[in-house]
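Read through the structure below, which is laid out as C-alpha coordinates, and then see the notes.
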Amino acid sequence: LRLPVEQHFADYLRLHSDPRPYTHKPAAMPTPEECGEQFVGVLERWRDHGVDYAVICERGAGEVVGWAGLRVVTDKGSPHLNLYFRLTAETLGRGYGREVARAVTAWAVEWRPDLPVEGVVAPVNVASLRTCAAAGLVEVGRRVHPAFPDDEPDVVLRLPEVSVVPPESIRPDELVDLWSRVNHAGGAVGFLPEAPASRVRAAFGRHLDDIHAGTALLVDLR
(Lines give C-alpha, C1' and ligand atoms only; values in the text may rest on other atoms or scores of the structure.)
Protein backbone atom coordinates (compact mmCIF):
# COMPACT_ATOMS: atom_id res chain seq x y z
CA LEU A 1 0.00 0.00 0.00
CA ARG A 2 1.49 3.33 -1.04
CA LEU A 3 0.63 6.94 -0.36
CA PRO A 4 -0.90 8.38 -3.56
CA VAL A 5 0.75 11.29 -5.37
CA GLU A 6 -0.36 13.31 -8.39
CA GLN A 7 1.40 10.92 -10.77
CA HIS A 8 -1.00 8.15 -9.72
CA PHE A 9 -4.01 9.84 -11.32
CA ALA A 10 -3.59 7.87 -14.56
CA ASP A 11 -3.81 4.63 -12.57
CA TYR A 12 -6.84 5.93 -10.66
CA LEU A 13 -8.60 6.87 -13.91
CA ARG A 14 -7.72 3.54 -15.56
CA LEU A 15 -9.26 1.50 -12.74
CA HIS A 16 -12.33 3.65 -12.11
CA SER A 17 -13.16 3.97 -15.83
CA ASP A 18 -13.19 0.20 -16.38
CA PRO A 19 -16.79 -1.10 -16.32
CA ARG A 20 -15.78 -4.64 -15.34
CA PRO A 21 -15.34 -3.98 -11.58
CA TYR A 22 -18.74 -2.20 -11.59
CA THR A 23 -20.76 -5.24 -12.67
CA HIS A 24 -23.00 -5.12 -9.59
CA LYS A 25 -23.76 -1.38 -9.83
CA PRO A 26 -22.89 0.02 -13.30
CA ALA A 27 -24.48 3.40 -12.53
CA ALA A 28 -21.86 3.97 -9.82
CA MET A 29 -18.99 4.14 -12.32
CA PRO A 30 -17.73 7.77 -12.38
CA THR A 31 -17.08 9.82 -15.48
CA PRO A 32 -13.47 10.91 -16.22
CA GLU A 33 -14.36 14.37 -14.89
CA GLU A 34 -15.72 12.86 -11.68
CA CYS A 35 -12.57 10.75 -11.36
CA GLY A 36 -10.52 13.95 -11.49
CA GLU A 37 -12.59 15.51 -8.71
CA GLN A 38 -12.42 12.35 -6.62
CA PHE A 39 -8.66 12.07 -6.97
CA VAL A 40 -8.14 15.66 -5.84
CA GLY A 41 -10.28 14.82 -2.81
CA VAL A 42 -8.13 11.78 -2.03
CA LEU A 43 -4.97 13.91 -1.93
CA GLU A 44 -6.68 16.59 0.15
CA ARG A 45 -7.98 14.11 2.73
CA TRP A 46 -4.54 12.55 3.14
CA ARG A 47 -3.26 16.03 3.88
CA ASP A 48 -6.12 16.96 6.24
CA HIS A 49 -6.89 13.64 7.97
CA GLY A 50 -3.69 11.61 7.60
CA VAL A 51 -5.67 8.70 6.20
CA ASP A 52 -7.67 7.89 3.06
CA TYR A 53 -7.52 5.50 0.11
CA ALA A 54 -4.10 4.22 -0.90
CA VAL A 55 -2.50 2.70 -3.99
CA ILE A 56 -2.21 -1.10 -4.10
CA CYS A 57 1.00 -2.20 -5.82
CA GLU A 58 2.21 -5.72 -6.52
CA ARG A 59 5.48 -6.50 -4.82
CA GLY A 60 8.43 -6.73 -7.17
CA ALA A 61 7.24 -5.12 -10.40
CA GLY A 62 5.37 -2.40 -8.51
CA GLU A 63 2.40 -2.48 -10.90
CA VAL A 64 -0.67 -0.62 -9.60
CA VAL A 65 -3.46 -3.20 -9.23
CA GLY A 66 -6.03 -1.31 -7.19
CA TRP A 67 -7.02 1.22 -4.54
CA ALA A 68 -8.02 0.54 -0.96
CA GLY A 69 -8.05 2.12 2.45
CA LEU A 70 -10.10 3.97 5.03
CA ARG A 71 -11.84 7.32 4.73
CA VAL A 72 -13.18 9.48 7.55
CA VAL A 73 -16.90 9.85 6.85
CA THR A 74 -19.49 11.68 8.94
CA ASP A 75 -22.96 10.16 8.71
CA LYS A 76 -25.70 11.98 10.64
CA GLY A 77 -23.13 13.54 12.94
CA SER A 78 -21.40 10.25 13.78
CA PRO A 79 -17.94 9.91 12.17
CA HIS A 80 -16.57 6.52 11.13
CA LEU A 81 -13.89 5.04 8.88
CA ASN A 82 -15.30 3.78 5.58
CA LEU A 83 -13.57 0.64 4.31
CA TYR A 84 -12.95 0.70 0.55
CA PHE A 85 -11.27 -1.73 -1.82
CA ARG A 86 -11.32 -1.90 -5.61
CA LEU A 87 -9.04 -4.08 -7.72
CA THR A 88 -8.34 -4.34 -11.43
CA ALA A 89 -10.38 -6.99 -13.22
CA GLU A 90 -7.18 -8.87 -14.07
CA THR A 91 -6.27 -9.39 -10.40
CA LEU A 92 -9.68 -10.40 -9.03
CA GLY A 93 -9.66 -13.81 -7.41
CA ARG A 94 -6.06 -13.71 -6.19
CA GLY A 95 -6.95 -12.92 -2.57
CA TYR A 96 -5.61 -9.35 -2.68
CA GLY A 97 -8.93 -7.93 -1.49
CA ARG A 98 -8.92 -10.01 1.70
CA GLU A 99 -5.26 -9.28 2.36
CA VAL A 100 -5.76 -5.54 2.00
CA ALA A 101 -9.05 -5.41 3.95
CA ARG A 102 -7.50 -7.30 6.85
CA ALA A 103 -4.42 -5.07 6.82
CA VAL A 104 -6.29 -1.76 6.93
CA THR A 105 -8.83 -2.89 9.54
CA ALA A 106 -5.99 -4.15 11.77
CA TRP A 107 -4.33 -0.74 11.33
CA ALA A 108 -7.55 1.00 12.33
CA VAL A 109 -7.95 -1.06 15.52
CA GLU A 110 -4.42 -0.16 16.61
CA TRP A 111 -4.08 3.43 15.44
CA ARG A 112 -7.63 4.82 15.19
CA PRO A 113 -9.63 3.11 17.94
CA ASP A 114 -11.63 6.34 18.30
CA LEU A 115 -13.53 5.66 15.05
CA PRO A 116 -15.55 2.56 14.12
CA VAL A 117 -14.81 0.86 10.79
CA GLU A 118 -17.77 0.47 8.44
CA GLY A 119 -18.33 -1.03 5.01
CA VAL A 120 -21.35 -0.58 2.74
CA VAL A 121 -21.89 -3.24 0.06
CA ALA A 122 -24.64 -3.99 -2.46
CA PRO A 123 -26.38 -7.23 -1.38
CA VAL A 124 -25.72 -8.83 -4.80
CA ASN A 125 -21.97 -8.29 -4.42
CA VAL A 126 -21.30 -11.59 -2.66
CA ALA A 127 -17.53 -11.42 -3.17
CA SER A 128 -17.22 -8.06 -1.39
CA LEU A 129 -19.49 -9.24 1.42
CA ARG A 130 -17.17 -12.21 1.94
CA THR A 131 -14.14 -9.92 1.89
CA CYS A 132 -15.66 -7.73 4.60
CA ALA A 133 -16.51 -10.80 6.68
CA ALA A 134 -12.95 -12.11 6.30
CA ALA A 135 -11.71 -8.78 7.67
CA GLY A 136 -13.91 -9.19 10.75
CA LEU A 137 -16.87 -6.96 9.85
CA VAL A 138 -20.38 -8.11 10.71
CA GLU A 139 -23.72 -7.04 9.28
CA VAL A 140 -25.51 -4.45 11.42
CA GLY A 141 -28.31 -3.29 9.12
CA ARG A 142 -29.39 -2.04 5.70
CA ARG A 143 -29.24 1.43 4.19
CA VAL A 144 -30.72 3.00 1.06
CA HIS A 145 -28.03 4.67 -1.04
CA PRO A 146 -29.11 8.29 -1.60
CA ALA A 147 -27.84 8.24 -5.19
CA PHE A 148 -29.70 5.01 -5.99
CA PRO A 149 -33.01 5.16 -4.05
CA ASP A 150 -34.68 2.53 -6.26
CA ASP A 151 -32.00 -0.12 -5.68
CA GLU A 152 -32.23 -2.78 -2.98
CA PRO A 153 -30.79 -1.29 0.24
CA ASP A 154 -27.07 -1.81 0.74
CA VAL A 155 -25.72 -4.07 3.48
CA VAL A 156 -24.03 -2.10 6.28
CA LEU A 157 -21.20 -3.93 8.06
CA ARG A 158 -19.11 -2.83 11.03
CA LEU A 159 -15.95 -4.00 12.71
CA PRO A 160 -16.76 -4.96 16.32
CA GLU A 161 -15.34 -2.55 18.87
CA VAL A 162 -12.84 -3.98 21.32
CA SER A 163 -12.03 -2.44 24.70
CA VAL A 164 -10.08 -3.62 27.74
CA VAL A 165 -12.23 -4.34 30.80
CA PRO A 166 -10.71 -3.02 34.07
CA PRO A 167 -10.34 -5.87 36.61
CA GLU A 168 -12.60 -4.10 39.08
CA SER A 169 -15.42 -4.01 36.49
CA ILE A 170 -15.39 -7.74 35.75
CA ARG A 171 -18.62 -9.55 36.67
CA PRO A 172 -17.68 -13.26 36.95
CA ASP A 173 -21.24 -14.60 37.06
CA GLU A 174 -22.17 -12.92 33.78
CA LEU A 175 -19.04 -14.16 32.05
CA VAL A 176 -19.40 -17.73 33.28
CA ASP A 177 -22.99 -17.65 31.99
CA LEU A 178 -21.83 -16.30 28.62
CA TRP A 179 -19.09 -18.92 28.38
CA SER A 180 -21.59 -21.69 29.20
CA ARG A 181 -24.04 -20.46 26.55
CA VAL A 182 -21.25 -20.44 23.95
CA ASN A 183 -20.35 -24.02 24.94
CA HIS A 184 -23.95 -25.17 24.55
CA ALA A 185 -24.07 -23.55 21.11
CA GLY A 186 -21.04 -25.59 20.01
CA GLY A 187 -18.40 -22.85 20.31
CA ALA A 188 -14.80 -24.10 20.36
CA VAL A 189 -13.69 -22.51 23.64
CA GLY A 190 -12.31 -25.44 25.60
CA PHE A 191 -15.50 -27.35 26.48
CA LEU A 192 -17.97 -29.62 24.79
CA PRO A 193 -21.68 -28.73 24.80
CA GLU A 194 -23.46 -29.31 28.11
CA ALA A 195 -20.24 -28.95 30.15
CA PRO A 196 -21.17 -28.31 33.80
CA ALA A 197 -21.02 -24.69 34.95
CA SER A 198 -18.73 -25.69 37.82
CA ARG A 199 -15.95 -26.64 35.40
CA VAL A 200 -16.44 -23.42 33.43
CA ARG A 201 -16.34 -21.40 36.65
CA ALA A 202 -13.07 -23.08 37.70
CA ALA A 203 -11.49 -22.33 34.32
CA PHE A 204 -12.63 -18.73 34.45
CA GLY A 205 -11.22 -18.42 37.96
CA ARG A 206 -7.76 -19.27 36.63
CA HIS A 207 -8.13 -16.60 33.95
CA LEU A 208 -9.27 -14.11 36.55
CA ASP A 209 -6.16 -14.83 38.66
CA ASP A 210 -4.00 -14.07 35.61
CA ILE A 211 -5.88 -10.83 34.98
CA HIS A 212 -5.33 -9.61 38.54
CA ALA A 213 -1.67 -10.68 38.29
CA GLY A 214 -1.26 -8.51 35.20
CA THR A 215 -0.37 -11.40 32.88
CA ALA A 216 -3.63 -11.40 30.95
CA LEU A 217 -6.35 -9.02 29.79
CA LEU A 218 -10.08 -9.34 29.42
CA VAL A 219 -11.57 -7.43 26.50
CA ASP A 220 -15.17 -7.05 25.43
CA LEU A 221 -16.27 -7.25 21.85
CA ARG A 222 -19.40 -5.34 20.82
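We number each residue from 1, following the sequence as shown. Quick note: numbers below take in every heavy atom, side chains included, and nothing from hydrogens, waters or symmetry partners.
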Is Glu118 salt-bridged to Arg143, cutoff N-O under 4.0 Å?
yes
Got a sec, which pairs hit salt bridge (Lys or Arg N to Asp or Glu O under 4.0 Å) with one end in residues 167-184, sequence neighbours left out?
Arg171-Glu174, Asp173-Arg201, Asp177-Arg181
Leu70 versus Trp107, closest heavy-atom pair with distance:
CD1-CE3, 3.9 Å
Single-linkage hydrophobic cluster, 4.5 Å side-chain cutoff, Val162 and Leu217 together
yes
Is there a donor-acceptor pair under 3.5 Å between the side chain of Thr91 and the backbone N or O of Leu87?
no
Quick note, side chain to side chain donor-acceptor pair (under 3.5 Å) partners involving residues 55-69, not counting sequence neighbours, are Glu58-Arg94, Glu58-Tyr96
Determine whether His24 and Val124 make a side-chain contact, defined as any pair of heavy atoms from C-beta on separated by less than 4.5 Å.
yes
What I'd like to find out is whether the side chain of Leu175 reaches to under 4.5 Å of the side chain of Leu218, using heavy atoms alone.
yes
Hey, does the side chain of Thr215 reach the backbone of Asp210 with a donor-acceptor pair shorter than 3.5 angstrom?
yes
Just wondering, do Thr105 and Leu83 contact through their side chains at under 4.5 Å, heavy atoms?
yes
Give the C-alpha distance, both sets of side-chain angles, the deciding distance and a yes or no for side chain to side chain contact (heavy atoms under 4.5 Å, CB included) between Ser78 and Thr74.
CA-CA 5 Å; Ser78 178; Thr74 300; over 6 Å; no
Is Cys132 close to Leu157 at the side-chain level, that is, under 4.5 Å between some pair of heavy atoms?
yes
Side chain proximity check, Val117 to Val109, heavy atoms < 4.5 angstrom:
no
Look at the side chain of His8 and the backbone N and O of Pro4, then say whether any donor-acceptor pair between them is shorter than 3.5 Å.
no
Can Ser163 and Val219 be said to form a side chain to side chain contact (heavy atoms under 4.5 Å, CB included), step by step?
CA-CA 5 Å; Ser163 59; Val219 300; over 6 Å; no
Non-hydrogen atoms of Arg45 and Gln38 that approach each other most closely
NH2-O, 4.0 Å
Can you tell me how far the CG atom of Asn82 sits from the CG atom of Leu115, to the nearest 0.5 Å?
12.0 Å
Keeping to residues at least two apart or across chains, list the ring pair (Phe, Tyr, Trp, His ring centres under 6.0 Å) pairs with something in residues 174-194.
Trp179-Phe191, Trp179-His207
What residue among Arg142, Lys25, His145 forms side-chain hydrogen bond (donor to acceptor under 3.5 Å, both in side chains) with Asp154?
Lys25
Are Arg112 and Val51 packed together at the side-chain level, in the sense that at least one heavy-atom pair is separated by less than 4.5 angstrom?
yes
Between the side chain of Arg86 and the main-chain N/O of Pro21, is any donor-acceptor distance below 3.5 Å?
yes
For Ser128 and Asn125, indicate whether the former's side chain and the latter's backbone hold a donor-acceptor pair under 3.5 Å.
no
Could you check whether any side-chain N or O of Thr131 sits under 3.5 Å from a backbone N or O of Ala127, counting only pairs where one atom can act as donor and the other as acceptor?
yes
Do Val55 and Val65 belong together in a cluster built from hydrophobic side chains that touch within less than 4.5 Å?
no
Answer yes if Tyr53 and Trp111 sit in the same cluster of Ile, Leu, Val, Met, Phe, Trp and Tyr residues linked by side chain heavy atoms under 4.5 Å apart, and no otherwise.
no
Looking at Thr88 and Arg14, what are the two nearest heavy atoms and their distance?
CG2-NH1, 4.0 Å
Determine whether a donor-acceptor pair (N or O, by modelled atom type, separation under 3.5 Å) exists between the side chain of Glu34 and the backbone of Thr31.
yes
Contact summary for Asp18 and Ala89, nearest pair of heavy atoms
OD2-CB, 4.4 Å
How many angstroms lie between NE2 in His16 and SG in Cys35, if you round to the nearest 0.5 Å?
6.5 Å
Here the pair of heavy atoms bringing Arg102 nearest to Ala134 is NE-O, 2.9 Å
Would you say Leu92 ends up clustered with Val121 if hydrophobic residues are merged whenever their side chains have heavy atoms under 4.5 Å apart, either directly or through other cluster members?
yes
Trace of the side chain to side chain contact (heavy atoms under 4.5 Å, CB included) decision for Val182 with Leu178
CA-CA 6 Å; Val182 173; Leu178 172 63; 4.3 Å; yes
Are Val42 and Met29 connected, step by step, through hydrophobic side chains (Ile, Leu, Val, Met, Phe, Trp, Tyr) whose heavy atoms are closer than 4.5 Å?
no
Inspect the surroundings of CG in Leu221 and state if more than 12 heavy atoms from other residues, nucleotides or ligands are less than 6.0 Å away.
yes
Does a sphere of radius 6.0 Å around CZ in Arg222 hold more than 12 heavy atoms from other residues, nucleotides or ligands, not counting ones at 6.0 Å or beyond?
no
If every non-hydrogen atom of Phe9 is compared with every non-hydrogen atom of Gly36, which pair is closest and at what distance?
CE1-CA, 3.6 Å
Contact between Tyr22 and Pro30 at the side-chain level, heavy atoms closer than 4.5 Å - yes or no?
yes
Candidate pair Val100 and Ile56, rule side chain to side chain contact (heavy atoms under 4.5 Å, CB included), full reasoning:
CA-CA 8 Å; Val100 169; Ile56 307 173; 4.0 Å; yes
For Leu13, does its backbone N or O pair with a side-chain atom of Ser17 as donor and acceptor, under 3.5 Å?
yes
Cationic tip of Arg199 within the cone over Phe204's six-membered ring, i.e. under 6.0 Å and within 45° of the normal?
no
Give a yes-or-no answer on whether the side chains of Asp52 and Tyr84 include a donor-acceptor pair shorter than 3.5 Å.
no
Would a 4.5 Å heavy-atom cut-off, applied to side chains only, mark Val155 and Leu129 as touching?
yes
Could you measure the distance from the CD atom of Glu139 to the CZ atom of Arg158? Nearest 0.5 Å is fine.
13.5 Å
